Amino acid sequence: MISKENILAIAKKTILSESEAITKLIDFLDENFYEAVQRIYETKGRLIVTGIGKSAIIAQKMVATFNSTGTPSMFLHAAEAIHGDLGMIQNEDIIICISKSGNSPEIKVLVPLLKRFGNTLIAITGNTTSFLAKGSDFVLNTTVNTEACPINLAPTNSTTAQLVMGDALAVCLMEMRDFKPEDFAVYHPGGALGKKLLLRVKDMIEHSLKPAVTPDTSIKKAIFEISEKRLGVTAVIEDNKIIGIITDGDIRRMLNDVDTIADLTAKDIMSKNPKIVSSETMAVDALNILEDFSITQLIVADNGEYKGVLHLHDILKEGIV
């Protein structure tokens, strides 16, 4: 049995080894990287990313990243390419081919076929004198001294280096395209991430009740309004303007301070200047306001028109936190 200390030491050694491999990539960035980014940015075609084995898995991740950040991309498996899938490549497409050795049998068959089409070929390889490197227009060097694997065989440092080089390409292209959060949202409409980027307050209060009382409403009726609408709060409205709110907490504090509520009205216990957001406010921004002020409800109003109440539970139900 390997001891706990040894297991942790192995894990730390692996992480350190991979981090060092990534750091060395900085020294490999040169004119090839710059020209590759420029070609991808300027093309009217797509970016085709191909590889074999573990490099194919890295290629798929790169494609996912490129597509989600504004660079239309497709994955082409190197083995399938020579059995018909080359048909997906169009004239103006740019191809990235990933291979640690650059000399695998599939790559040696594929490279001449890719060059026959006249497309720009970018190599991501750990062997700058390989068949792939020599046949490519631009070479992105991902050489690693060793793998983190104890027998120096399983792709570890090398695939991490490939992945990071792909991320560097994607981020450069994002910057060149001035890619903004709202652009990112277009490609991520689903799940928690999509909701953070797209969901607005109006989407959560569409069918919300609008508890409201006037300043002269009795406390008893105000309590009924809060209970009936089940939002833990009511707005206080005067001359069609929101002048305050009454929350469950305000009611509890009042009951601790007075012996009778017979003569009290809404204006006597309301909190003035409540936090108000517009219906167009992003849900995640509304959540930040709730957290910053340690409150659970926000009044929603557009140009002074009362639209409803946003409750913390409304946001939690959407699963964006």
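Since this is a predicted model, take the numbers as computed values, not measurements.
A donor and an acceptor atom, one from each side chain of Thr160 and Asn157, are nowhere located under 3.5 Å apart. Looking at Thr71 and Arg177, their side chains do bring a donor and an acceptor atom within 3.5 Å of each other. Side-chain contact, Asn127 with Thr129: a donor N or O sits under 3.5 Å from an acceptor N or O. When only modelled atom types and interatomic distance are considered, Asn103 and Ser101 share no side-chain donor-acceptor pair under 3.5 Å. Side chains of Thr43 and Glu92: a donor-acceptor N/O pair is absent below 3.5 angstrom, by distance only.
In plain terms, the two heavy atoms of Gln297 and Leu231 that are nearest each other are NE2-O, 3.2 Å. Closest heavy-atom contact between Ser278 and Val201: O-CB, 3.8 Å. When all heavy atoms are compared, the tightest approach of Pro211 to Thr234 is C-OG1, 3.2 Å. Between Ala286 and Leu298 the shortest heavy-atom distance is O-CD1, 3.7 Å. Nearest heavy atom pair, residue Lys229 against residue Lys210, reads NZ-O, 3.9 Å. For the pair Ile52 and Ser104, the tightest heavy-atom approach, listed with the atom from each and the gap, is CG2-OG, 3.9 Å.
Ile315 and Phe293 fall within the same hydrophobic cluster, defined by Ile, Leu, Val, Met, Phe, Trp and Tyr side-chain heavy atoms under 4.5 Å apart, directly or through other members. Residues Leu47 and Ile124 are members of one and the same hydrophobic cluster, defined by side-chain heavy-atom contacts under 4.5 angstrom among Ile, Leu, Val, Met, Phe, Trp and Tyr. In the hydrophobic cluster analysis, where Ile, Leu, Val, Met, Phe, Trp and Tyr join through side-chain heavy atoms closer than 4.5 angstrom, Ile22 is grouped apart from Val144. In terms of hydrophobic clustering, with Ile, Leu, Val, Met, Phe, Trp and Tyr side chains grouped at heavy-atom distances under 4.5 Å, Leu312 and Val300 are assigned to a common cluster. The cluster map of Ile, Leu, Val, Met, Phe, Trp and Tyr, joined by side-chain heavy atoms under 4.5 Å apart, puts Ile107 and Val49 in different clusters.
Salt bridge status for Asp292 with Lys275: absent, with no side-chain N to carboxylate O gap under 4.0 Å. Ion pair Asp137/Arg39 not flagged as a salt bridge, since none of the NZ, NE, NH1 or NH2 atoms sits closer than 4.0 Å to an Asp/Glu carboxylate oxygen. Under 4.0 Å is where a charged nitrogen must lie from a carboxylate oxygen, and between Lys24 and Glu20 no such pair does.
Partner Lys267 forms a side chain to side chain contact (heavy atoms under 4.5 Å, CB included) with one of Val213, Val236, Asp216, Thr217 and no other, that one being Asp216.
When side chains are defined from C-beta on, Ile94 does not count as touching Asn119, because their heavy atoms never get closer than 4.5 Å. Put simply, the side chain of Leu86 reaches to within 4.5 Å of the side chain of Leu113, judged on heavy atoms. Considering only heavy atoms from C-beta on, Phe138 stays 4.5 Å or farther from Glu31 through its side chain. Using a 4.5 Å heavy-atom cutoff, the side chains of Ile261 and Met254 are in contact. Side-chain contact between Leu310 and Ile299 is absent, with no heavy-atom pair separated by less than 4.5 Å. Side-chain contact between Asp285 and Val277 is absent, with no heavy atoms from C-beta onward closer than 4.5 Å. Put simply, the side chain of Ile246 reaches to within 4.5 Å of the side chain of Ile226, judged on heavy atoms. Between Gln60 and His77 there is no side-chain heavy-atom pair separated by less than 4.5 Å.
Enclosure of atom CG in Asn91 is not indicated, since only 12 or fewer non-hydrogen atoms of other residues, nucleotides or ligands lie within 6.0 angstrom. Counted within 6.0 Å of OH on Tyr34, heavy atoms from surrounding residues, nucleotides or ligands total 12 or fewer; the atom is thus considered open.
Classified by interplanar angle (parallel below 30°, tilted 30° to 60°, perpendicular above 60°), the ring pair His311/His313 is tilted.
With sequence neighbours excluded, the residues that form a salt bridge (Lys or Arg N to Asp or Glu O under 4.0 Å) with Glu305 are Lys307.
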